[in-house]
Amino acid sequence: MSGHPLLEIKDLYVQFNVYGGALKVLDGVNIEVHPGEKVGLVGETGAGKTTTMKAVLHVLPEPAAQITGGEILFDGQDILKMVPSQLKQIRGKGIAMIFQDPTLALNPVFTVGEQMSAVVQYSMEAGRNLTKREVRERSITTLKEVSLADPERLLGNYPIQLSGGMRQRICIAMALAARPKLLIADEPGTSLDVTIQDQVLRLLDELVEKRNTAIILITHSLGVVRERTDRVYVMYAGNIVENAPTTQLYSRSFHPYTQGLMAAVPKLTGGGVSDGIPGRMPAYLNPPQGCRFSPRCPRVMEICRGEKPMLREASPGHQVACFLYPRGNELEINTKWNVSSGG
Amino acid sequence: MGAFLEAIDLKKYFVIGHEGTVHRTPVTVKAVDGVSFTLQQGETFGLVGESGSGKSTIAYTIIGMYQPTAGSLLFHDLDLFGKGKTRPLALRKQIQIVFQDPGSSLNPRQTIRQILELPLRLHRSSSDLLTEVVRLLELVDLPPAYLYKYPYMLSGGEKQIVAIARALATSPSLIILDEPTSALDVSVQGKIINLLLRLQRELDLSYLFITHDLSLMRNVASRVAIMYLGKVCEIAEMSEFFTHPQHPYTQMLLSSIPVVTEEEERAKPVKVISTGEIPSPVNVPPGCSFHMRCPRAMEICQRVDPAMVSLGEGHTVRCHLFEQSQ
Ligand SMILES: Nc1ncnc2c1ncn2[C@@H]1O[C@H](COP(=O)(O)OP(=O)(O)OP(=O)(O)O)[C@@H](O)[C@H]1O
Ligand SMILES: Nc1ncnc2c1ncn2[C@@H]1O[C@H](COP(=O)(O)OP(=O)(O)OP(=O)(O)O)[C@@H](O)[C@H]1O
Ligand SMILES: [Mg+2]
Ligand SMILES: [Mg+2]
């Protein structure tokens with residue numbers, strides 16, 4: 001991509017100070033998002049995806065969480081150096097987030113209208129408070145934008161009275177109300193059936209395209225990422241281990257971890273369920289030296305246990321952090337992962 | 001001999017509030033509204049459907065947490081809600097459940113040993129509880145060192161494995177798996193699923209497997225029922241289901257599955273664009289509950305709720321398209 005990135009996460013280190021030591025979670029994370037780009041972020045549970053995004057939004061739980069290195073540039077400005085008033089501006093109009101669970105994101109004891117009014121008020125130009133009628137009208141337009149029928153009635157409803165798909169769309173509407181430049185969606189639609197999930201994600205695509213909004217999509221569904229993103233970042237134990245244009249990553253991935261992850265996806269065409277990648281993610285209290293994947297890697301070499309591999313270009317636009325590809329531009333090395341055929 | 005487990009016109013309604021100021025009429029959610037199916041011994045029967053379609057409610061009714069509003073549930077021809085309010089212990093131990101959220105179903109203040117001992121105390125007369133607990137851990141491939149760990153020390157996948165071990169403690173014959181891996185990533189999911197498949201072979205277990213993930217379902221279940229708003233719309237053998245889906249909702253569902261390879265892309269039915277809104281379960285429209293989103297809706301669909309029709313060989317579908325052709 002050409003031009004300046006909208007978001008640039010550079011060598012980000014985050015640790016959580018807990019009883020007994022420091023959990024060194026993020027270990028030099030690098031992510032770039034360009035205006036209008038759709039980026040997928042995938043990786044095992046606990047890899048640090050949400051932590052990375054919380055750092056971007058500046059909502060890590062302090063003082064337990066500590067950013068020990070790196071910078072996060074949004075539109076060229078370092079978020080980590082911002083004062084609260086600048087941050088407020090960024091969180092409202094710059095970056096919006098859709099949270100993992102729509103049932104949690106919406107408060108069950110307030111009506112949709114009550115919850116929306118806060119967002120709508122906030123998203124308007126500062127200076128004056130909107131009248132009740134203006135808030136109502138703005139809320140209705142916002143709901144119409146996400147193709148929700150009968151928005152007038154919806155405003156008086158409680159979340160329990162709505163379907164999961166409707167709740168999810170209300171969350172999207174609220175996130176987009178402020179016209180952000182970047183939308184972060186953490187597992188959107190995972191609790192929806194695939195027909196509604198498809199509808200919600202298509203809608204997100206349309207809105208995002210219309211306004212050239214960039215999006216970071218975090219999900220465990222590798223199928224969704226394949227269909228909906230331009231570029232994918234693969235995260236393992238606090239490191240980005242690979243990133244590539246989506247079509248490239250799915251046709252030809254380099255990192256043994258990415259290959260293991262892909263092999264573990266159950267296929268619609270059958271063939272059984274993979275045993276997954278043997279072993280478990282290392283504890284962050286005492287992460288392994290060198291490559292954090294080395295204890296589980298079937299292709300581990302001497303160097304992997306001592307030195308940390310840096311991200312480097314393996315083919316144009318395709319980066320991998322692995323010593324199997326020392327000079328870049330190398331032939332892909334296929335790691336054979338076991339797939340047992342149960343079922 | 002009848003079926004291993006049979007649901008006959010099962011209904012479960014919840015009253016969630018009242019409407020109106022003078023005449024207070026109850027607001028009812030028809031969570032499960034006339035569901036029938038059978039589960040054979042040793043099989044994995046899949047239950048798929050949109051969030052809120054009533055899958056968990058069926059699960060909770062089978063384990064006895066809810067009393068059905070109407071209909072019956074037979075287990076080995078025995079009515080699970082026959083006489084008496086409480087289910088006999090001998091029957092209760094036969095049916096176990098593994099919940100979706102591995103974290104919240106384990107008591108955070110108890111060690112794994114205590115968690116596993118509890119069902120053993122209730123259901124077994126065995127004197128040597130520790131040996132039993134160690135055997136359970138072995139069964140699910142966890143080393144004895146886990147005896148004295150607390151749930152917070154375990155990963156999400158390991159918590160789910162403990163929940164499976166706990167379900168096995170009473171030597172059940174049926175285990176309900178309510179989205180056992182949907183909170184986990186694919187790699188951890190693979191381990192758990194293969195563990196479940198191995199246990200099924202070794203212990204001759206029957207599974208009622210609830211999930212959103214059709215690609216996963218394809219690889220584990222032998223038959224599948226598709227639910228939509230409290231009702232079943234199609235039941236078929238797994239291969240039949242993927243090669244000859246009949247209900248318009250099923251076709252839409254299959255064509256919307258996000259996949260990771262071109263080969264799978266070609267195996268999907270022609271894309272049916274999904275539109276419209278799933279009605280709120282409080283306001284289910286008359287007629288077929290799918291008619292507002294159905295690309296093949298006819299006039300009758302707005303008025304009359306279709307009945308289940310058989311298409312032969314264990315394949316049934318609830319849709320007017322097929323009623324007419326008979
Ligand atoms: N407040 C906290 N205190 C201590 N550790 C934390 C805290 N928040 C997160 N962690 C740890 O940081 C690691 C990364 O967590 P994070 O939520 O970012 O993972 P994730 O990639 O989003 O996972 P998932 O796919 O499950 O959402 C985990 O090991 C988690 O336990
Ligand atoms: N105890 C309850 N009281 C009131 N309503 C309930 C109760 N339990 C479930 N419901 C409602 O019944 C319907 C079916 O819920 P259920 O949990 O069975 O769905 P599900 O198919 O398991 O969904 P998911 O895929 O999200 O787990 C929903 O509309 C839900 O809101
Ligand atoms: Mg997360
Ligand atoms: Mg459920």
Side-chain angles (χ1 to χ4, degrees), chain A residues 42-47 103 147-149 157-158 160-166 169 190-199 201-202 220-228 250-251 257 260-278 280-281 339-343, chain B residues 16 44 48-53 155-158 182-194 197-198 201 212-222 239 242 249 252-264 267-268 272-283 293:
Chain A
V42 301
E44 215 153 311
T45 309
T103 43
S147 310
L148 280 165
N157 281 354
Y158 289 91
I160 173 87
Q161 295 171 290
L162 310 172
S163 75
M166 290 163 101
R169 262 185 274 181
T190 33
S191 61
L192 309 175
D193 87 354
V194 289
T195 67
I196 296 293
Q197 182 187 68
D198 187 63
Q199 238 168 291
L201 291 173
R202 236 184 312 128
H220 286 307
S221 169
L222 291 167
V224 167
V225 169
R226 174 170 169 274
E227 284 184 1
R228 304 282 165 192
Y250 282 80
S251 59
Y257 174 69
L261 199 63
M262 293 288 178
V265 181
K267 305 294 184 297
L268 195 56
T269 39
V273 179
S274 146
D275 254 334
I277 301 167
R280 58 187 274 190
M281 232 172 35
V339 180
S340 72
S341 9
Chain B
I16 56 164
T44 300
V48 179
E50 138 78 10
S51 176
S53 58
S155 69
E158 286 170 336
S182 67
L184 309 170
D185 62 83
V186 286
S187 174
V188 180
Q189 166 176 285
K191 275 189 202 86
I192 305 252
I193 295 296
N194 281 312
L197 293 174
R198 173 172 68 74
R201 286 193 300 272
H212 276 109
D213 185 343
L214 284 155
S215 302
L216 176 61
M217 187 63 93
R218 168 79 175 83
N219 288 285
V220 295
S222 44
S239 58
F242 276 93
Y249 175 62
M252 192 185 268
L253 200 62
L254 289 178
S255 80
S256 304
I257 304 175
V259 296
V260 295
T261 62
E262 282 304 318
E263 191 194 355
E264 293 171 275
K268 292 201 300 196
V272 184
I273 300 279
S274 163
T275 55
E277 194 52 51
I278 296 183
S280 145
V282 186
N283 297 315
R293 297 179 64 207

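The sequence lines fix the lettering, A, B, ..., with proteins before strands; numbering per chain opens at 1.
- To the nearest 0.5 Å, atoms OG1 (Thr261(B)) and CZ (Arg226(A)) are separated by 6.5 Å.
- Atoms CD1 and OG1, from Ile273(B) and Thr195(A) in turn, are 11.5 Å apart once rounded to the nearest 0.5 Å.
- Rounding to the nearest 0.5 angstrom, the gap separating the CD atom in Glu44(A) from the OG atom in Ser187(B) is 5.0 Å.
- Proximity of a side-chain donor or acceptor of Asn194(B) to a complementary backbone N or O of Ser274(A) within less than 3.5 Å is detected.
- In this structure, Ser256(B) and Val194(A) approach most closely via the heavy-atom pair CB-O, 3.7 Å.
- Residues satisfying the salt bridge (charged side-chain N to carboxylate O under 4.0 Å, His left out) test with Glu227(A), not counting sequence neighbours, are Lys268(B).
- Distance check, rounded to the nearest 0.5 Å: CZ of Arg202(A) to OG of Ser274(B) gives 6.0 Å.
- In this structure, CG in Leu268(A) is found 10.0 Å from CD in Glu263(B), a value given to the nearest 0.5 Å.
- In terms of the salt bridge (charged side-chain N to carboxylate O under 4.0 Å, His left out) criterion, Asp185(B) has no residue partners (sequence neighbours excluded).
- Heavy-atom distances place the side chain of Arg293(B), and not its backbone, under 4.5 Å from chain A.
- Nearest heavy-atom pair, Val260(B) versus Lys267(A), reported as atom, atom and distance to 0.1 Å: CG2-CE, 3.8 Å.
- Per-residue heavy-atom pair counts under 4.5 Å with chain B were compared for Arg169(A), Met281(A), Met262(A), and the maximum is reached by Arg169(A).
- Salt-bridge check for Arg280(A) with Glu158(B): passed, with a basic side-chain N closer than 4.0 Å to an acidic carboxylate O.
- Using a 4.5 Å cut-off on side-chain heavy atoms (C-beta onward), Arg228(A) and Pro258(B) make no contact.
- In this structure, the separation between OG1 on Thr275(B) and CD1 on Ile196(A) is 9.0 Å, given to the nearest 0.5 Å.
- For chain A, the nearby part of Ile193(B) is the side chain; its heavy atoms alone come within less than 4.5 Å.
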